[in-house]
Amino acid sequence: MVKDPTVVQINTKVAVYPYLVLLLASFLEGGTVMVIELLGAKIVAPYYGTSLYVWASVLGVTIGALAVGYFLGGRLSKHSDNAKKLYLLFGLGAAFTFMLPFTAEFLLPLTFSLNLQLGVTLALLLYLFPPVMCMGAISPVIIQMLYNFNRGAGRSTGWVYAISTCGGILATLLTSFYWIPSIGIFNTTMIAGSILAITAFVVFYNRKQFKVKVFLPGIIPLKNKSYKTQKITKASTLPVALLLTISFLEGGALMIAELLGAKITAPYYGSSLYVWGAVLAVTLSALALGYYVGGYISNKKNLERNLFILLMIGAFLTAIGPLVGPTILMNTDFLGVQLGALVSVVCYLFPPVVCMGMVSPIITQLISPKIKTGQAAGTVYAISTVGGILATFLSGFLLIPTLGIKTMAFLTGGLLGLLAIVYFTYRKKYSLAMLGLVFALVTVILLPRSKESDTTRVVYNSTGILGEWTILDFGQWKVENNGQIERKLLLNGIDQTYTQIDFEPLSLWRYPHKIAAYSSMKPKGSKALLLGMGGGSIAFELLAMEMDLDIVELDPRVKHIAETYFNYKPESSDLYIDDARHFIRTTSEKYDIVILDLVLGEVQPAHVFSMEGFADLKKIIKKDAFVIINFQGNIYDPRYSIGPRSIYKTLEASGFNVSLYSPPPTEAVKKSLTKDIFFIASQVEHDYKHLMQNLRYNDWFPYDDFYYDDLIREVEFSLEDAHVLVDDKPMLELLTAPTILKWRQNKVQQNIKRMMKEGIPIYD
């Protein structure tokens, strides 16, 4: 057998026990990073909300802290006694984690005078950055220690990051679906800190086990030991700077692919906790597999060629994701929202992420003959992570909203694909270069062409911070004297506004009229606050009631949408672009009416509907003010009404007198899970029968008169199993899960499937 000239054969000693201890430490480190990241988002929510601004800041700070940690860990790993550094890093991470709730409670109010984006980023830098940085420094140290057991640079890197990512998967699921909703943020923080502290003790206790002799090529180890043969690849012929640049681009492409996976899924399956859980779980699983396989093949031949083949395949799979996504979504619909979203994301996100996950261990192996292994791994992952930070912010806030999902996918895939084609051409691998061109041609052929059919057309489409905004017109516009044309504003496939052309923004739904009718119990000139704008239908009717109106909307695109497509007049009210809870905590106004019409697609923000959120609300309303909440669910079925009953119980616990309206309990209503429920709450008792005898609304809009029986319905129900919602246990989305999943399923049938069957793309 001819020996491969690119490798050197050496003998290596197998040390099983310390090897397993290091892998366990890596597993726990990866898990606690995800727990700390999720805790960071939940702790900041009562102050700054849960919008994409907040999640992007959490993600950016977390990735930035990891990048710094990777770099510092790589530098630390060059020196002796890595075991000491390891238990000190775990101990320091434990201390910072235990301090999280206390430092956050002290620091968050100090940043509150700043605007939302700057305030949340600064706060996260102060309390989230330190523990995550400590966690990031751990992996390069462990990689160097494993390499000292002669496990190979690429294989050590692949194993460590694969095991760490598996810990992240388990921790994400446990934290999101069980620990935080069930035992609360504080207790979850204490668990994470305890895990790190125990791990520090275990490493300290076993520190002597890690002091092994490194066997170099040509040195014969002691006799009567167990050995195996290991291959070590020689240095790459490509410059280290070029390989690190590829790592930077791969890190950026990976984060763009993850964001695109969520954006592709959102118009069909929404952006609920289940969808984000599917995206995170699939991304982490794919990375774990990619890290492992990349580490495994890092000692094989033709590493450079394999690296660029992986880049080319990953580029193609990223580019076609938005093109094959609609077909996959349509064919997973029968599985329901939860399983359907998971299977869909696996189909179009898992393959490209696996390819990209394989890249970093290979690059680490290629540069390790020139740079010490721990430092090589730390440098590669730090630079890859920096690429991910830039890509997250640029694509999330600028490129995807501006260019659209498909164009962003093409640019990302095209850049990586072009890099591979240039390399293969330079190396005279013309068949592989031609394969890259074939991939590009297939991508172009798959492009959809039309945005309208005979009865449906897309008037507007844009990816905003809340998700995919789409405006659809339904009607016979191609026929002269076409009659009624209906217009809908969709957010992630869920109707937000429903009007008729030439009558907009007057709603074709009844619920905005009811909200205006409730509000008309107050006299002209009353100060009103509307949280959530949509196309402006409710705002239009409040202004018709001659209210002095302030509006809070999170997505700045909504202003353009309402003015341009729904005939809303911006000069008639004051519009604030802010998170609802953040605005409530910072405004100095006092309101007579506050209307909460808040929904992200089909998901209501838990941080607004907590006892602490209602306590903040009481500070900005007058004593006899009305708080009107539009919610969804079925108050008549105990199995599916625990969400709205918990809202009722929380309002009462916050000192409000609460009444509600829900449709009469007919058989049809009892079977539905998604009827409107209106809560009207006040700090004083009101005689609603008297107040509703002559509503001002009925004089303005006599076509739909409202009286007491249309607006208040006394319903008997038990609050025994309902929850008082608090910031420490943000469980509202889990409580309302059956309702929102059914709501999503119904709207997919009404809107998205109609578009897809008529050949209309569901996103740009």
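Every heavy atom of this structure was used, including side-chain atoms; hydrogens, water molecules and symmetry mates were not. Because the structure is predicted, anything quoted here is derived from the model rather than measured.
Residues I264 and G321 share a closest heavy-atom pair of CD1-C, 3.7 Å. For the residue pair M34 and G168, the shortest heavy atom distance occurs at CG-CA, 3.5 Å. Minimum heavy-atom separation, A200 to G91: CB-N, 3.6 Å. When all heavy atoms of V275 and A341 are compared, the closest pair comes out as CG2-CB, 4.2 Å. The heavy-atom pair separating P361 from G295 by the smallest distance is CB-N, 3.6 Å. The minimum heavy-atom distance linking V345 with A278 is given by the pair CG1-O, 4.2 Å.
Every side-chain contact (heavy atoms from CB on, under 4.5 Å) that A262 has, sequence neighbours left out, goes to W276, V279. Considering only residues two or more places apart in sequence or on other chains, I400 meets the side-chain contact (heavy atoms from CB on, under 4.5 Å) condition with L259, L260, S395, I405, M408, T463. Among residues two or more places apart in sequence or in another chain, the ring-ring contact (aromatic ring centres under 6.0 Å, His included) test is passed with H582 by Y48, F112. Under the salt bridge (Lys or Arg N to Asp or Glu O under 4.0 Å) criterion, D727 pairs with R581, not counting sequence neighbours. Scored by the side-chain contact (heavy atoms from CB on, under 4.5 Å) test, L289 finds V293, F350, V354 as partners (sequence neighbours excluded). Among residues two or more places apart in sequence or in another chain, the ring-ring contact (aromatic ring centres under 6.0 Å, His included) test is passed with Y296 by none. Not counting sequence neighbours, the partners of Y87 by the ring-ring contact (aromatic ring centres under 6.0 Å, His included) test are F204. Every residue two or more places apart in sequence or in another chain was checked for a side chain to side chain donor-acceptor pair (under 3.5 Å) with E258, and none qualifies. The side-chain contact (heavy atoms from CB on, under 4.5 Å) search around F393 returns A56, I389, F397, not counting sequence neighbours.
With a 4.5 Å cut-off on side-chain heavy atoms, L390 and F248 count as touching. Looking only at side-chain heavy atoms (C-beta outward), I43 and E105 stay at 4.5 Å or farther from each other. Side-chain contact between T32 and T97 is absent, with no heavy atoms from C-beta onward closer than 4.5 Å. Two residues are said to be in side-chain contact when any heavy atoms from C-beta on lie closer than 4.5 Å; S182 and K729 fail this criterion. Two residues are said to be in side-chain contact when any heavy atoms from C-beta on lie closer than 4.5 Å; V282 and L342 meet this criterion. Looking at heavy atoms from C-beta onward, I246 lies in side-chain contact with L311 at the 4.5 angstrom threshold. When side chains are defined from C-beta on, L735 counts as touching L725, because their heavy atoms get closer than 4.5 Å. Proximity of F129 to V68: side-chain heavy atoms (C-beta onward) are separated by under 4.5 Å at one or more points.
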query = What do the steps show when you test F98 against T189 for side chain to side chain contact (heavy atoms under 4.5 Å, CB included), and what is the final call?
reply = CA-CA 7 Å; F98 282 129; T189 307; 6.0 Å; no
inquiry  = Go through it in stages, so that I can follow the logic: the residues are L339 and V343, the test is side chain to side chain contact (heavy atoms under 4.5 Å, CB included), and I'd like the CA-CA distance, side-chain angles, deciding distance and then a yes or no.
reply    = CA-CA 6 Å; L339 186 57; V343 172; 4.1 Å; yes
key: Chi angles and distances behind the side chain to side chain contact (heavy atoms under 4.5 Å, CB included) call for L28, L196   = CA-CA 8 Å; L28 295 174; L196 293 175; 6.0 Å; no
request  = Dump the intermediate steps for side chain to side chain contact (heavy atoms under 4.5 Å, CB included) on V203 and R207, then the final yes or no.
outcome  = CA-CA 6 Å; V203 175; R207 62 192 182 282; 5.8 Å; no
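Evaluation of the side-chain hydrogen bond (donor to acceptor under 3.5 Å, both in side chains) test over residues 191-205, restricted to residues two or more places apart or in two chains, returns none. Here side-chain hydrogen bond (donor to acceptor under 3.5 Å, both in side chains) pairs that include residues 159-180, with residues two or more places apart or in two chains, are E29-S164. Residues in residues 121-132 take part in these side-chain hydrogen bond (donor to acceptor under 3.5 Å, both in side chains) pairs, two or more places apart or across chains: S57-T121.
Taking CZ of F308 as the start and CG of N302 as the end, the distance is 13.5 Å to the nearest 0.5 Å. For the atom pair OG1 (T364) and CD1 (I367), the distance works out to 6.0 Å, reported to the nearest 0.5 Å. For the atom pair OG1 (T379) and CD1 (I363), the distance works out to 12.0 Å, reported to the nearest 0.5 Å. The distance from atom CE of M133 to atom CZ of F96, rounded to the nearest 0.5 Å, is 6.5 Å. Between the CG atom in L238 and the CD atom in E304 there is a gap of 4.0 Å [rounded to 0.5 Å]. Between atom CG of residue L349 and atom OG1 of residue T265 there is a gap of 7.5 Å, rounded to the nearest 0.5 Å.
Under a 3.5 Å cut-off, the side chain of K85 and the backbone N or O of L76 do form a donor-acceptor pair. Using a distance-only test at 3.5 Å, with no hydrogens or angles considered, no donor-acceptor pair links the side chain of S384 to the main chain of Y381. Between the side chain of N82 and the backbone N or O of I142, no donor-acceptor pair lies under 3.5 Å. The backbone N or O of L66 lies less than 3.5 Å from no partner atom in the side chain of T385, so there is not a single donor-acceptor pair.
Between T188 and the options L39, I36, L100, a side chain to side chain contact (heavy atoms under 4.5 Å, CB included) holds for only L39.
Annotation: Y292, atom OH; neighbour count of heavy atoms from other residues, nucleotides and ligands within 6.0 Å does not exceed 12.
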